[in-house]
Every structure is written in C-alpha cells, then in structure tokens.
Protein chains: 2
Amino acid sequence: MAFAPSSTPDPSPNTVNAQATATRKSADESGRLTGTQSIERALLLLREIAAHNRTGSRLLDLATRTSLQRPTVHRMLKCLAHEGMVQQDPDTHRYYLGSMAFELGLTAAPRFNLREIAHPGMVRIAEATGDTVFLTQRSGLDAVCIDRHEGTFPIKTFTLDIGMRRPLGVGTGSLAIVAALPEEEIQTIINSNQPRYEEYGVAGGTLLTQAKKAQKLGYSIREAPTLAGVRSVGHSIKNQSGVPFAALSVSTISSRMTEKRVLEIAQLLKNEARLIERQLNNGM
Amino acid sequence: MAFAPSSTPDPSPNTVNAQATATRKSADESGRLTGTQSIERALLLLREIAAHNRTGSRLLDLATRTSLQRPTVHRMLKCLAHEGMVQQDPDTHRYYLGSMAFELGLTAAPRFNLREIAHPGMVRIAEATGDTVFLTQRSGLDAVCIDRHEGTFPIKTFTLDIGMRRPLGVGTGSLAIVAALPEEEIQTIINSNQPRYEEYGVAGGTLLTQAKKAQKLGYSIREAPTLAGVRSVGHSIKNQSGVPFAALSVSTISSRMTEKRVLEIAQLLKNEARLIERQLNNGM
DNA sequence: ATTTTTCGTCCATTTTACGGACATAGCATG
DNA sequence: CATGCTATGTCCGTAAAATGGACGAAAAAT
C-alpha cells in the first residue's frame, strides 16, 4: 500500500466465475483498505457529526456531506445511536455525538490529554521545589492556565487560577511559548495583542526584549509586573512538529528565587518538558 | 452466521435463487439490528479495548473476548488504527484507544461533562450572590471539587481547590450528597470514613445529625468546622436514577450569610441543580 | 536450534450491506 | 384542510463487501 501501482484494472476475460474479477489484496490500487467499507463509512459519519456537534446534523445533510446514500446513512446512524455513539434529538431529529463517544474519550484521555500527561511531572517539580507549578496552554492569541499544582512552601504567591485566560506573553509560561515561536509570529502576536497588554501591566515593547532574553537562556524568567517580590521561571513544551503550544512554569517569592536556584529550576522544567514531549510525540 | 458454524457448507440445492430464504426486516426476530454487523463488531471492539486501555490489548485476547475470528478482528483493527480510533504500540503490538477517540470525546463533552453542563449555572449563581460557587462530585467514599467559580465580593473565604479530594461528608456540597442518599448508605459511609474525619475537624457523630437536618431543609448548611466565620450552603445534583452524585455549594463569610440570605441561596442552588439534572436526564 | 505462540495475510465463498423504490411523518403554502 | 414539498424511516432483491479457514511469517518460549 501507500504507493500507487499499475493503473490497469485487469479486466480478466474468460469469465467462468462471474464474480470478483479484480484481485483482492488487503489494500486496493489507491492504497485504501479493503474489507472495512462500512467501518470507514461509520467513522466518516462520526467525524462529520463531530464537526457540527454544536448545531447537530440532519440525516440529509450527513448524506450529502459524506456522499453516501440516505438509506445507508440512516441504517448506520440507527446502529450508532443504538450503541450510544450518537444521539438523536427526538424532537428535531438531529444527530449529535453520544455518551459512548464521551466515555471513550475519557478512557483515552490519559494518553492524549496534556493535563493528564503532564500531571506526574508537575507533582515532581512541586515536590522538588516546594513551590507552585503551572501548566499553560496556548489558545489562539491567548494562553490559558490548564493546571496548577501547589508545593509545600507555606508562603504562596498570587496564583493563577485554572481556566484563567490572558493574552499571550503576559504570564511567564506564556512568555516561554512566545519566545519559542518563529521570529515573525512573535511580532504578529505582540502587534495583535498590543492594546490588551496595558491592563496586565506589560509593555509590548519590553515583551520582545524579554522574549529574546528567553531565547538566549532557553527558559523564560520574569518578575511579576503587577506584584513586586514574585519571580517566575518557565519552559515551553513543543508538539510533534516542534511548534510550542504549552509551557510549564514555577512561581515563588523573589527571596527564594536566587540566581543559582533559577538555573536549577530551569533545568528541572526542561527535563520534565522533554519527558512530556516524548510522550506526545509517539503517543505510545 | 455469528453462531457456531455447522460443518456442512450447505451446497445450495435447486439453485434458481440460491440465496436468502429468511425474511429480512430492519430487525431480526431477537430485536437485533440488521445491515450493521460490522459496525456493531467494531464498536464492540472499541468497548473491549477501552475496558483494558491501561494495559492495552493483544489481538488474540480481543478475538477471544469478543468471540470474533482473529482475521476479522485484525482487519477491523487495521482500519480503526488507520483512522486513528485505535493505536497500536509498534513494539508490543498491543492496541489502545487512539487520538480520534480522545477528540470525539472532547467534542461530545459539552453535552455530557458535568463541569461543562454546570458551568453556566455556576456563573449565574456567582453573579447573583457575589460569592464563590463550588461544584463537587462524589468519587467512591470521597468527594472531589471539580470546579469553582469566584464571585465579585472582595473578601474570599478559604477556597477549596479544584481537584481537592476529601472524605464524603466533610464539605458542605459533600454533605448535601450524603444527605440525599438512602439511610443505610449514609450509615455505611460514615462508618467507613470514621477514622478519616478527625483530621478534617468533623465528628462522625454530628455528621449524621447534620445530614438529617439537611434532609429536612432540602439543602445542606454548615459553619466551616476548621474556619470560624465561614458559612456554606449546598444542594445535591441527582442522576437519571435519582441517585445523588454531585452538588453545588456557595461559601462566604458568616456576616453575609443571614438566615434570609441562606434561604435565597438555597432556592437559587435548587433551581440550578434542577436545570443541570434536566440536561443530564434526557441528554438532549 | 526447535517448538510454540501470536501476528499478519490471502482468497473463495456467501452473508452482509447496499441503495433504488416506496411509505410515512412533518410542515409550509394555496 | 387539502396539497404539494421536504424530510425521515423502511423494505427487499441484488451484488459487492466482509467473512473466516488456511497458510506463512515473525516473535517468544523452551
């Protein structure tokens, strides 16, 4: 499979057995699998339903969008609904993903969900440092704090709440993401977010400088602009393609954050980020 | 087919139309669907893989557990893997749920995930009261805080962190869940958790009294045992079968929690809990 | 090196799924 | 409230898709 062989369909003349002229292998000429047509179609349907899960999909639209016959789609949907993979609103007749889809997702999450993958590492960092660790994920021009793990040190700095969304570049984890992006994208982001930075006490001008510094160091570092006496260190997490999309960061009071300790923490973050990336990369 | 193959291959006698004697309807005698065998089998496989997703499944085990032929299972898995629904570890050959399963789950979540369903209501409560709202979910003999939404009132009480897990009955939301359970289960829970209550400053004895009070009132209420001056109100959320499995609660400083206000908040919680239950019930 | 177990593939057979045609429900419009 | 119009749901003869017995290859165990 995968490469495209001879285009001749081999018309196989002298027909004793009327049926099945074409040779059947595990994949046909175009590299498509055989013996799994209906499963492929069912998955195609699921993807199509997922793509419109907010509004729901009507039978006819699904048939059109998948280029399948209406009866075929209907029969498959009935089965998928029966098994809970999809759900049909009894009033509108529209189809949505069902509870089984949700439950499979929950089961699969530990191998794909950044938060779950990162969790053990965050615990290790919090235990090693005693300070609070944050996991930040990029979301368009923003960064969202998707997890936090508190260390044992009794004095806690102002902590980023889970779910909090701020313009890219504002937080230290966020800054690590920005710094790891290609030059021109950094500029675009800073320009786009310019008007929003003020209210977070960040000057767009200094941001580029900070990003360059982070690039040189290999980690981001910053005194919290709004809170004096708080210092944070961050490190980016990259996806399969090398694009930074998340970051780990540690935040604590400046007196605990000596230069030496900054280096230690940066190393710790780097190691854990690598570990996470490895799991994301092969998915295995 | 599907049932044990009679060894006679049935040489198909007087062959005008060799095929199909049995009448075919959309469901056969036993009520099972027709025209969807392979989809049913594929979903069966997915369920089986999900059930062993921690360890992964070997081809032969899947064949055994699903009572399907190995070649059939293999062919289907190849397709499912091709589409990303499952993933095969290249070293061990074991099968796991794939990224598509995770992504479908994410898409389906807004209609099934308690946190997502409850979110709008929590925002409404926080806006109406100005205080912090908590969403608690039962997990065995514990309760876990799965979401929190802060109100605008500047003085915040000690807040339960997201992800925090405590013995059932310790928090006010937790207490609401316990109170809504059947009498004998309450006893069992209190007995089982007895040794753990101490460290949370809750006496197992008073807990039963508090639960009875909550049953009478229709909502749970408590002065935080460890923090003087904090008062909370909670209301249970029940699933389709009427079993309480989660709760909403509001917590604030006692001076804000007058008797009159307790009633208002209790009503608010009750209404939002009802709304959430309705969405859970029909799933639509 | 040899046996045993498991994975992967082939291909003739026939059962399964397909889809044209029809039936029925919902919903505007004349 | 018929009347067309559009949508969902179902039937069933046919053909193509999926099945599974058999075999080969690759690991794993002995």
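When reading the values below, keep in mind they use all heavy atoms of this one structure, side chains included, and skip hydrogens, waters and symmetry mates. We name chains A, B, ... by the order of the sequence lines, and we start the count at 1 in each one.
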- Query: Pick the nucleotide of DNA chain C nearest each of T92(B) and T72(A); which residue has the one closer to the 5' end?
  - Reply: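 Final value for this comparison: T92(B).
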Rounded to the Å, how far apart are [X] [atom1] and [N] [atom2]?
{"X": "H82(A)", "N": "dG9(D)", "atom1": "NE2", "atom2": "P", "result": "16 Å"}
{"X": "L77(B)", "N": "dG8(C)", "atom1": "CG", "atom2": "P", "result": "9 Å"}
{"X": "H74(B)", "N": "dG21(D)", "atom1": "NE2", "atom2": "C1'", "result": "16 Å"}
{"X": "L59(A)", "N": "dA25(C)", "atom1": "CG", "atom2": "P", "result": "17 Å"}
{"X": "L80(B)", "N": "dA18(D)", "atom1": "CG", "atom2": "P", "result": "12 Å"}
{"X": "L62(A)", "N": "dG9(D)", "atom1": "CG", "atom2": "P", "result": "12 Å"}
{"X": "R41(B)", "N": "dA17(C)", "atom1": "CZ", "atom2": "C1'", "result": "13 Å"}
{"X": "M76(B)", "N": "dG8(C)", "atom1": "CE", "atom2": "C1'", "result": "16 Å"}

Taking the minimum atom-to-atom distance to the side chain of [X], which one of [options] wins?
{"X": "L60(A)", "options": "dT6(C), dT8(D), dA17(C)", "result": "dT8(D)"}
{"X": "R75(B)", "options": "dG20(D), dG9(D), dG19(C)", "result": "dG20(D)"}
{"X": "R58(A)", "options": "dC7(C), dG21(D), dA7(D)", "result": "dA7(D)"}
{"X": "Q88(A)", "options": "dT8(D), dA18(D), dG20(D)", "result": "dT8(D)"}
{"X": "Y95(B)", "options": "dG21(D), dG8(C), dT6(C)", "result": "dG8(C)"}
{"X": "Q37(B)", "options": "dG20(C), dT8(D), dT19(D)", "result": "dT19(D)"}

Side-chain ([X]) to main-chain ([Y]) donor-acceptor, under 3.5 angstrom:
{"X": "Y96(B)", "Y": "T55(B)", "value": "yes"}
{"X": "R138(A)", "Y": "P244(A)", "value": "no"}
{"X": "D147(A)", "Y": "H119(A)", "value": "no"}
{"X": "E277(B)", "Y": "K238(B)", "value": "yes"}
{"X": "R70(A)", "Y": "A63(A)", "value": "no"}
{"X": "Q88(A)", "Y": "H93(A)", "value": "yes"}

- Query: NA contact type, H93(B), heavy-atom cut-off 4.0 Å: base, sugar-phosphate, or nothing?
  - Reply: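 Here H93(B) touches the backbone only, sparing every base.
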- Task: Please identify each residue that fulfils ring pair (Phe, Tyr, Trp, His ring centres under 6.0 Å) with H52(B), with sequence neighbours left out.
- Result: none
- Query: Does the side chain of K78(B) get closer than 4.0 angstrom to OP1 or OP2 of dC7(C) through an N or O atom?
  - Reply: no
- Task: Verify the contact: side-chain N or O of S38(B) to OP1 or OP2 of dA17(C), cut-off strictly under 4.0 Å; return yes or no.
- Result: yes
- Bend angle of the helix from dA1(C)-dT30(D) to dG30(C)-dC1(D), from helix axes over five pairs at each end, nearest 10°: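 For the helix from dA1(C)-dT30(D) to dG30(C)-dC1(D), the axes at either end differ by 50°.
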- Message: When you measure only distances, ignoring hydrogens and angles, does the side chain of R70(A) come within 3.5 Å of the base of dG19(C) through a donor and an acceptor?
- Response: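 Side chain to base: no pair below 3.5 Å.
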- Message: For a quick check under 3.5 Å, do R165(A) and S139(A) share a side-chain donor-acceptor pair by atom type?
- Response: yes
- Along DNA chain D (nearest heavy atom to each residue), the more 5'-positioned of Q69(B) and P71(A):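 Residue closer to the 5' terminus by nearest nucleotide: P71(A).
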